[in-house]
Amino acid sequence: MPELPEVETMCRCIAAAVGGRIRDIVQPKSRLQSITISPPLVKFRRQARGRTVTAIRRLGKRVVLDLDDKRQGRSRQGVRPMNDDAREAAGDCIVLEPRMTGLVLLADPPDDEHLRLIFQLQGGGARHILFWDQRGLGVARFLSHAQFLRHYGPRRLGPDALTITVETLRQRLEGSRRPIKTALLDQQVLAGIGNLYASEILHLARIHPALPCRRVRGAQWSKLHAAMGQVLQAAIRHQGSTLRDGTYRIARNQSGDYQVYHRVYQRAGDPCLNCGTGKIVRIVQAQRSTFFCPTCQQRGR
DNA sequence: CATATGTCCTGAGAGC
DNA sequence: TGCTCTCAGGACATAT
């Protein structure tokens, strides 16, 4: 399940595709249901053909391919630098949402049967961008700038989890009755955190996942904010987490590393690596597994 | 308005 | 062996 660190890794791995011009978009024949392509492929292809990828950005858990202006042709295009604020694009773009099992790669998909979409390129440093997705819950969208704002504007997507300030984080959550873990998963609150990293972050911050946001105290906001940065940065350094199901990979034979450093996720029954006395527990919140240490993460403090 | 639940999808694993 | 069932969860739609 690609979250911020995995999607950041994908973006870095496909950066060579910047400068490439989209020749065509091909959907391999498959016995499986098609992923969601919006607008439908015929129109998508018509709009994307001939456009140059000017930048590749991460937007929360999504990959964005910025495109040059159609009317302008290809010669005057400079390469737009990667930008921290994901909402700076001015033109059309393609957004790829990996959701549960999607991967965006330049080559070596885990297998061919789940290859969903091929963006054929010319020029630039890559021949194509591949969208591979085992379960097929992923989405590919072609969006005008106005559509992009409608889909992914500040009302739909909160500030990025890597760059949000502690003040903003606090502002957006304090007073809410929701459990802190559920709130961290809400992409309107902040973008990028999913089920795995929510558990890891709360464990590092030593906050009980069921603690209502309004009960989080002053010092805990700083701890939470710091833990978010630490966990996400470390996970990026290790190129994300490849879980037991082995779905996420950087290429066919290359896994992420960060699963080795998980302290709670999928470790129910194991001793806590902080205190050594507690056993990691699994609970269910909003239909999702949460893992935590009842000793280190008490509701009170 | 805030929060909760159902739905999509595939493959793995359990149980009979 | 081979069938059916359940489960995993990101994002969105719908319900309370």
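Just so we're on the same page: letters track the sequence lines, and every chain starts at 1. Keep in mind that this is a model prediction, so the values were computed, not measured.
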Across nucleotides 9-16 of chain C, 5' to 3', mark each nucleotide with B, S or - according to how protein heavy atoms within less than 4.0 Å reach it.
BBBS----
Send over the distance from [X] [atom1] to [N] [atom2], rounded to a whole Å.
{"X": "E113(A)", "N": "dT10(B)", "atom1": "CD", "atom2": "P", "result": "11 Å"}
{"X": "D133(A)", "N": "dC9(B)", "atom1": "CG", "atom2": "P", "result": "12 Å"}
{"X": "Q285(A)", "N": "dA4(B)", "atom1": "CD", "atom2": "P", "result": "10 Å"}

Pairing of R51(A) and D68(A) as salt bridge, 4.0 angstrom limit
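Salt bridge present between R51(A) and D68(A).
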Is the shortest distance from a Lys or Arg side-chain nitrogen in R237(A) or D257(A) to a carboxylate oxygen in the other one below 4.0 Å?
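No salt bridge links R237(A) with D257(A).
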Which sits closer to the 5' end of DNA chain B, S34(A) or A286(A), going by the nucleotide each is nearest to?
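Result of the comparison: A286(A).
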In terms of ring plane angle, is the pair [X] and [Y] parallel, tilted or perpendicular, where the classes change at 30° and 60°?
{"X": "W132(A)", "Y": "H114(A)", "answer": "perpendicular"}
{"X": "Y258(A)", "Y": "H238(A)", "answer": "tilted"}
{"X": "H145(A)", "Y": "F148(A)", "answer": "parallel"}

Estimated bend of the helix from dA2(B)-dT16(C) to dC16(B)-dG2(C) (axis per five terminal pairs, rounded to 10 degrees):
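End-to-end axis angle for the helix from dA2(B)-dT16(C) to dC16(B)-dG2(C): 50°, rounded to 10°.
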Would you find more than 12 non-hydrogen atoms of other residues, nucleotides or ligands less than 6.0 Å from R172(A) atom CZ?
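Buried by this count: over 12 neighbours within 6.0 Å.
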So, does Q134(A) get its side chain near the phosphate of dG11(B), meaning an N or O under 4.0 Å from OP1 or OP2?
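False: Q134(A) side-chain N/O out of range (4.0 Å or more) of dG11(B) OP1/OP2.
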Measuring to OP1 and OP2 of dT3(B), would you say a side-chain N or O of S176(A) lies under 4.0 angstrom away?
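Yes, such a contact exists.
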Scan side-chain atoms only and decide if T290(A) and Q285(A) contain a donor-acceptor pair under the 3.5 Å cut-off.
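A pair is found: one side chain offers a donor N or O, the other an acceptor, under 3.5 Å apart.
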Consider only side-chain N and O atoms of T101(A) and R135(A), and report whether a donor and an acceptor are under 3.5 Å apart.
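Side chains of T101(A) and R135(A): no pair found under 3.5 Å.
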